[in-house]
Structure formats: C-alpha cells, structure tokens
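A quick write-up on the structure given underneath.
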Amino acid sequence: MGLGCLSKSAVAVLKTDDKLKDAKIVFVVGGPGSGKGTQCEKIVAKYGYTHLSSGDLLRAEVASGSERGKQLQATMQKGELVPLDTVLEMIKEAMIAKADVSKGYLIDGYPREVKQGEEFEKKIGAPALLLYVDAKAETMVKRLMKRGETSGRADDNEETIKKRLDLYYKATEPVIAYYEKSGIVRKINSELPVDEVFAIVEKAIDELK
Ligand SMILES: Nc1ccn([C@H]2C[C@H](O)[C@@H](COP(=O)(O)OP(=O)(O)OP(=O)(O)O)O2)c(=O)n1
Ligand SMILES: Nc1nc2c(ncn2[C@@H]2O[C@H](COP(=O)(O)OP(=O)(O)O)[C@@H](O)[C@H]2O)c(=O)[nH]1
Ligand SMILES: [Mg+2]
C-alpha cells in the first residue's frame with residue numbers, strides 16, 4: 001500500500017517515526033553521581049553520538065519557567081520520578097530533531113524503572129547496548145556532595161541525594177537485571193579514574209560496529 005490514502009499529517013508522523021527505526025541506541029544507566037554524564041561527554045567527543053540526558057531535558061523545561069516546568073521542579077527537588085510520558089515525549093522529540101545527523105544516541109539517566117524501558121521500546125525502539133556505570137553508594141554520595149558545591153542543582157543536597165540513591169536501588173537496578181536477559185549489558189567499574197573508565201567504555205562501543 002502506498003501512502004496516498006493517508007492524510008498529510010499521518011504521513012508526517014509515519015516518516016518521523018521511521019527516522020528512528022534504524023537508530024543505534026545506547027542506554028546509560030547508573031546511580032546518581034556514578035559518572036554517566038562524564039563518560040557520555042567523552043563518547044560524544046570520540047564517536048559523535050548524540051547525548052540526551054533525561055535529567056538535563058527536564059531541567060531545561062524547569063528553566064523555561066513553564067507551568068509544566070514548575071511541577072517538574074517540585075518532583076525533582078523531592079528526589080522522585082516525574083511521570084513516564086513526560087520524559088519519554090521529551091526524549092523522542094529530541095531524538096527526532098537530531099535524526100538526520102546523529103550517528104547514534106546516548107540515552108543518559110533513562111530508563112529509571114523497568115516500565116520506562118518497556119515504553120521506550122514500544123514507542124521508539126530497542127537499545128543495542130546498556131552501559132551500566134557502577135560505583136559504590138559511598139562514592140556516589142561523595143561525588144554528589146562535591147558537585148553540589150558548584151552545580152547549583154536543587155537536588156544536590158544531602159537529604160535529596162539519599163532519596164535519589166534509595167530510589168535508584170529500588171526502581172532502577174531492576175532495569176539492569178531486566179536487560180541482562182538480552183545480553184546487551186556491559187558493566188563499567190566507575191571507581192577508577194575517568195580515563196581508565198573510558199577505556200572500558202570504548203571497548204563496549206567498539207563492539208557495536
Ligand atoms: N527518566 C527520568 C530522569 C530524571 N528524572 C528526575 C528524577 C531525578 O532525580 C532528576 C534528575 O535526573 P538526573 O538524571 O539528572 O539525576 P541523577 O540523580 O541521575 O543525577 P545525575 O545528573 O547525577 O546523573 O530528574 C525522572 O524522574 N525520570
Ligand atoms: N574519580 C572519578 N570521579 C568521577 C568519575 N566520573 C565522574 N566523576 C565525578 O563525579 C561527579 C558526578 O559525575 P557525573 O558525570 O555528573 O555523574 P552522573 O550523575 O552519573 O551523570 C562529577 O563531579 C565528576 O567529576 C570517575 O570515573 N572517577
Ligand atoms: Mg548526569
């Protein structure tokens with residue numbers, strides 16, 4: 001069947017979804033302060049991937065001062081998760097915007113729970129790799145407290161950090177077990193110095209080609 005029988009807007013929707021069909025997708029999962037953002041920056045520099053941090057997308061919405069942003073701000077300050085549909089829609093829009101130039105996508109800080117992964121696969125596609133950035137709780141707290149001195153982030157304080165960590169172990173760690181079954185998980189020890197961590201990351205990305 002051709003597309004002739006469909007309305008113009010229906011064709012537009014089909015085409016944008018189509019753009020992401022063969023996209024190389026990497027989920028970057030790890031606790032708060034584990035070093036996801038740091039490694040993503042290095043991957044962008046070497047491989048030209050598009051880095052989409054779900055937290056950054058949400059913070060941009062907060063910064064815009066919109067009504068939706070105000071609600072997001074309240075949720076994030078409490079260290080809770082924002083509604084799934086909101087984050088997924090933002091990620092999808094950002095992916096489509098880069099579809100013509102992107103060599104691949106780093107989806108940083110998503111999925112935060114198994115359901116988020118399932119919805120992503122339904123609406124966008126399957127990940128080719130999951131980078132599991134692993135550090136001890138003690139290390140993550142130390143890094144976040146240090147980052148909090150300069151980040152200006154409302155959630156980089158002791159109380160919210162504790163909540164984010166609890167939620168990570170409860171909701172996000174099961175995501176890793178869920179994807180183990182498909183054989184796409186690469187565990188990265190991020191207790192090491194940044195460049196040594198990146199050497200492990202590089203191997204995982206090189207395997208993708
Ligand atoms: N899929 C997502 C991603 C983020 N958030 C919310 C809850 C988080 O606490 C906050 C900040 O997200 P980040 O990914 O920036 O937060 P992290 O705790 O992972 O910290 P970091 O920036 O250190 O990675 O946004 C969410 O609800 N759902
Ligand atoms: N020693 C060390 N510090 C790191 C490493 N990765 C990140 N950090 C520091 O830890 C803090 C949190 O890192 P970030 O990339 O923002 O973590 P994210 O919360 O997982 O995105 C930053 O201030 C980094 O400087 C690492 O591999 N080794
Ligand atoms: Mg980050």
Side-chain angles (χ1 to χ4, degrees), residues 27-45 51-63 68-95 106-120 123-124 127 130-173 175-176 187-202:
F27 284 162
V28 185
V29 179
S34 59
K36 302 180 296 291
T38 303
Q39 291 302 319
C40 283
E41 233 175 79
K42 296 181 78 71
I43 299 170
V44 170
H51 177 206
L52 297 176
S53 155
S54 47
D56 286 351
L57 291 173
L58 293 168
R59 282 186 287 278
E61 183 72 28
V62 171
R68 179 159 83 160
K70 286 187 189 121
Q71 286 172 8
L72 294 175
Q73 160 86 334
T75 307
M76 289 161 78
Q77 192 146 5
K78 284 189 275 182
E80 293 171 3
L81 292 181
V82 310
L84 188 162
D85 293 344
T86 312
V87 198
L88 190 53
E89 206 40 53
M90 283 178 174
I91 292 176
K92 189 173 175 187
E93 272 169 30
M95 287 178 79
L106 298 167
I107 310 296
D108 166 6
Y110 187 104
R112 282 293 223 273
E113 53 186 1
V114 171
K115 182 106 183 81
Q116 290 192 357
E118 290 170 344
E119 287 302 310
F120 186 101
K123 301 220 165 88
I124 301 173
L130 187 156
L131 289 177
Y132 166 26
V133 184
D134 184 40
K136 288 184 288 191
E138 187 196 333
T139 306
M140 294 193 268
V141 173
K142 228 186 274 169
R143 288 179 185 172
L144 290 174
M145 290 303 287
K146 178 104 187 74
R147 190 176 72 183
E149 290 169 14
T150 53
S151 71
R153 273 179 54 170
D155 56 354
D156 278 349
N157 64 74
E158 204 166 352
E159 196 191 334
T160 312
I161 288 169
K162 190 174 174 313
K163 288 194 197 148
R164 285 155 66 198
L165 267 183
D166 286 348
L167 191 58
Y168 169 70
Y169 289 115
K170 204 168 75 193
T172 311
E173 266 202 348
V175 170
I176 296 157
K187 185 173 177 175
I188 313 291
N189 174 8
S190 77
E191 292 286 337
L192 302 165
V194 174
D195 288 334
E196 288 176 37
V197 178
F198 188 59
I200 314 172
V201 167
E202 280 176 306

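Read the numbers this way: they start at 1 and go in the same order the structure lists the ligands and their atoms. The basis for the numbers below is simple: all heavy atoms, side chains too, and nothing from hydrogens, waters or symmetry mates. Positions are given from 1 along the sequence.
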Could you check whether any side-chain N or O of [X] sits under 3.5 Å from a backbone N or O of [Y], counting only pairs where one atom can act as donor and the other as acceptor?
X	Y	answer
K36	G31	yes
S190	D134	yes
R112	A171	no

Side chain, backbone, both or neither: [X] near ligand 1, heavy atoms under 4.0 Å:
X	value
R147	side chain
R153	side chain
V87	side chain

Residues E159 and K162 bridged, charged N to O under 4.0 Å
no
Going by an N to O cut-off under 4.0 Å, is there a salt bridge joining D166 and K163?
no
Identify the protein heavy atom lying closest to [atom], giving its residue, its atom name and the separation to 0.1 Å.
atom	answer
atom 20 (O) of ligand 1	R164 NH2, 3.0 Å
atom 5 (N) of ligand 1	L58 CD1, 3.5 Å
atom 8 (C) of ligand 1	R112 NH2, 3.4 Å

Given L144, which of D155, D156, N157 fulfils the side-chain contact (heavy atoms from CB on, under 4.5 Å) condition?
D156
Pull out every atom of ligand 1 sitting under 4.0 Å from any heavy atom of S54, numbered as shown with elements.
1 (N), 2 (C), 3 (C)
Using a 4.0 Å cutoff against the non-hydrogen atoms of Y110, which atoms of ligand 1 qualify?
1 (N)
What are the two closest non-hydrogen atoms of C40 and V28, and how far apart are they?
SG-CG2, 3.8 Å
Please report the shortest heavy-atom distance between R59 and D56, naming the atom on each side.
NH2-OD1, 2.8 Å
Can you tell me which portion of [X] lies within the under-4.0 Å heavy-atom range of ligand 2? Options are side chain, backbone, both, or neither.
X	answer
V133	neither
V197	side chain
R147	side chain

Using a plain distance cutoff, I'd like to know if R59 has any nitrogen or oxygen under 3.5 Å from a nitrogen or oxygen of ligand 1.
yes
Can an N or O of V82 be found at a distance shorter than 3.5 Å from an N or O of ligand 1?
yes
Options M145, R143, E191, R153, ranked by nearest heavy atom to atom 9 (C) of ligand 2, top entry
R143
